[in-house]
Amino acid sequence: MSTVLEETPKRKLAIVTGRAYPELGEEVAKCLGIEVLPTTAYDFANGEMYIRFTQPVRGADVFVLQSHTTPINKWIMEQLIMIDALKRASARSITVVAPFFGYSRQDKKHQGREPITARLVFDLFKTAGADRIVTVDLHATQEQGFFDNPVDHLTAMPILIDYVRSHMELDNVTIVSPDAGRIKVSERWAAKLNNRPLAFIHKSRDITRPNHAEAHGIIGDVDGRDCIVVDDMIDTAGTICEAVKVLRGAGAKSVTLVATHGLLSGPAVDRLKECGAREIILTDTVPVPAEKRFDGVTVLSIAPLLAAGIRSVFESDSVTHLLEGLPSDMRARNIYA
């Protein structure tokens, strides 16, 4: 296999990956039938990072893949350095591929004297030299407007829905939004699953305390129903485990948790083990190591979706068709991460 996928004699695609989750980069490249461009990367004694690409990238359309996982600040900085190196090496175009986009939760001011760090990170990528950004399930879709160049906002919904369709009886299913902000997404889920009933949990969030929300009640009928709670991420799992408790208290027959980004920080694993959920379904936009996996956790591969998105961008094709599902050649890939 070569390290570039040639479309025409004058254009070539290259994938480079940071050290946060190189396995994902390798899997994406494998889906495209190429190899990741070799990179030399190491840390100096004081924590500064060195990056060098060992093959020429002049004239190439380069996709810089990095998972914004723990330690998130280090890996964002490494991606910025990679972009700078590519810009100085005369890459034709530079596309940031951030399956989980760091700081995306901080997209607006709740109180005075707060930053809007989602906008800051987009600005950092633009200043470093990124021409385009590919990401999956931003916390708020309007964040695409924080970047002056194109943003290809992919969604893991087709991958997650395909799994749910093939592993659950849908006749008794109710789709549950964990809060008012996710109702639109839950409506799309309900529509794609043959117009399943919809409910949502009314909760309030203490803006002075991170990862803390309190559920007040449920709007919709969940008594005796198999509930699927759909969210964008599970971080410390406090609020989503509270949702399980509330649904169980309202008579739900079972609760399945579905999220694109399985951050699983701090006490998340212990909370999920004890919450009583039937299954927790995630994708590997960030690595989910073996110690964070237990019976009932299913991790689906995001690599085919990223590969399809990268190929569409490289071929100047629309990515809108990916909202309906993966291309046939990507569907054949192993769905598990």
Check the surroundings of atom NZ in K253: do more than 12 heavy atoms from other residues, nucleotides or ligands lie under 6.0 Å from it? no
Stepwise side-chain contact (heavy atoms from CB on, under 4.5 Å) test for R132 and D152: CA-CA 8 Å; R132 193 181 200 101; D152 293 296; 2.5 Å; yes
Worked check of side-chain contact (heavy atoms from CB on, under 4.5 Å) between V16 and L86: CA-CA 10 Å; V16 297; L86 291 167; 4.2 Å; yes
To the nearest 0.5 angstrom, please state how far the CE atom of M49 sits from the CE atom of M82. 10.5 Å
State whether the number of non-hydrogen atoms from other residues, nucleotides or ligands found under 6.0 Å of D295 atom CG is greater than 12. no
Test your reading of the model: is there a side-chain donor-acceptor pair from T70 to the backbone of I72, 3.5 Å cut-off? no
Same apolar cluster: L120 and F125, side chain cutoff 4.5 Å: yes
Examine distances only and state if a side-chain atom of R188 and a backbone atom of V185 form a donor-acceptor pair shorter than 3.5 Å. no
Hey, what do you get for CD1 (I240) to CG (D235), rounding to the nearest 0.5 Å? 11.5 Å
For the side chain of R92 and the backbone of V62, is there at least one donor-acceptor N/O pair under 3.5 Å apart? no
Would D284 and Y336 count as a side chain to side chain donor-acceptor pair (under 3.5 Å) if you check the C-alpha gap in whole Å, the side-chain angles of each, and the deciding distance to 0.1 Å? CA-CA 9 Å; D284 66 334; Y336 299 103; over 6 Å; no
Check step by step if side chain to side chain donor-acceptor pair (under 3.5 Å) holds for S67 and T69. CA-CA 6 Å; S67 291; T69 186; over 6 Å; no
Measure the shortest side-chain to side-chain distance between R182 and D232 over non-hydrogen atoms and say whether it is less than 4.5 angstrom. yes
Close side-chain approach of L154 and T135, heavy atoms under 4.5 Å: no
Donor + acceptor pair across side chains of D131, S93 (<3.5 Å): no
If only side-chain N and O atoms count, and only distance matters, is there a donor-acceptor pair under 3.5 Å linking Y163 with E279? yes
Does Q106 reach the main-chain N or O of Y103 with its side chain, forming a donor-acceptor pair under 3.5 Å? no
CG-CZ distance between L170 and R165, expressed to the nearest 0.5 angstrom: 8.0 Å
Please test L282 against L264 for side-chain contact (heavy atoms from CB on, under 4.5 Å), starting from the C-alpha separation and ending with a verdict. CA-CA 10 Å; L282 311 167; L264 306 185; 4.1 Å; yes
Taking the six-membered ring for Trp, are the ring centroids of F100 and H68 within less than 6.0 Å of each other? no
Sub-3.5 Å donor-acceptor pair from the side chain of E114 to the main-chain atoms of H110, do we have one? yes
Say you draw a straight line from CZ of F294 to CD1 of I280; how long is it, rounded to the nearest 0.5 Å? 4.0 Å
Less than 4.0 Å between a side-chain N and a carboxylate O, is that true for D317 and R311? no
Would you say E315's side chain and S312's backbone share a donor-acceptor pair under 3.5 angstrom? no
Check K12 with D61, please: is the shortest side-chain N to carboxylate O separation under 4.0 Å? no
Same cluster or not: I218 versus F200, using hydrophobic residues (I, L, V, M, F, W, Y) connected whenever any side-chain heavy atoms lie under 4.5 Å apart? no
Dump the intermediate steps for side-chain contact (heavy atoms from CB on, under 4.5 Å) on L257 and V244, then the final yes or no. CA-CA 8 Å; L257 305 179; V244 177; 3.6 Å; yes
Take E324 and K192, measure what salt bridge (Lys or Arg N to Asp or Glu O under 4.0 Å) needs, and give me the verdict at the end. CA-CA 10 Å; E324 302 304 319; K192 288 182 178 294; 3.4 Å; yes
Among all residues two or more places apart in sequence or in another chain, which pass the side chain to side chain donor-acceptor pair (under 3.5 Å) test with E78? R19, Q66
Would you say that S90 contacts V57 through its side chain, given a criterion of any heavy-atom pair below 4.5 Å between the two side chains? no
Do N149 and I133 come within less than 4.5 Å of each other through their side chains, counting heavy atoms only? no
Roughly how far apart are L138 CG and R105 CZ, rounded to 0.5 Å? 13.0 Å
Given 3.5 Å as the limit, does a donor-acceptor pair link the side chain of T54 with the main chain of P38, or not? yes
Please confirm whether the backbone N or O of T39 pairs with a side-chain atom of R52, one donor and one acceptor, at under 3.5 Å? no
Per ring pair (Phe, Tyr, Trp, His ring centres under 6.0 Å), F101 is matched among F122, F147, W75 by F122
Identify the heavy atoms of H153 and T141 that sit nearest to each other, and give their distance. CE1-CG2, 3.5 Å
Does I183 share a hydrophobic cluster with I219, counting links as ILVMFWY side-chain heavy atoms below 4.5 Å and allowing steps through other members? yes
Should I81 and Y50 be counted in the same cluster of Ile, Leu, Val, Met, Phe, Trp and Tyr side chains packed under 4.5 Å apart? no
Ignoring hydrogens and angles, state whether a donor on the side chain of R225 or N172 is under 3.5 Å from an acceptor on the partner side chain. yes
Under a 4.5 Å cut-off applied to non-hydrogen side-chain atoms, are Y21 and E23 in contact? yes
Are D137 and T155 close enough, and set up right, to give a side chain to side chain donor-acceptor pair (under 3.5 Å), and what steps lead you there? CA-CA 5 Å; D137 286 333; T155 177; 2.9 Å; yes
Do C31 and M330 touch side chain to side chain, with heavy atoms closer than 4.5 Å? yes
Pair D226, S254: side-chain N/O donor-acceptor within cut-off below 3.5 Å: yes
At what distance, to the nearest 0.5 angstrom, does CG of D221 lie from CG of L198? 12.0 Å
Beyond-backbone contact of V96 with V134, side-chain heavy atoms, under 4.5 angstrom: no
Heavy-atom donor-acceptor pair, H261 side chain to V136 backbone, under 3.5 Å: yes
Are F63 and F314 an aromatic pair, judged by ring center distance below 6.0 Å? no
More than 12 heavy atoms of other groups within 6.0 Å of E169 CD: no
Taking the side chain as everything from C-beta on, heavy atoms only, tell me whether V258 gets closer than 4.5 Å to D231. no
Is it the case that the side chain of R119 and the backbone of D107 share a donor-acceptor pair, with hydrogens and angles ignored and the cut-off at 3.5 Å? no
Output, in order, the C-alpha distance, side-chain angles, deciding distance and verdict of salt bridge (Lys or Arg N to Asp or Glu O under 4.0 Å) for D162 and R331. CA-CA 10 Å; D162 279 351; R331 283 178 176 270; 3.2 Å; yes
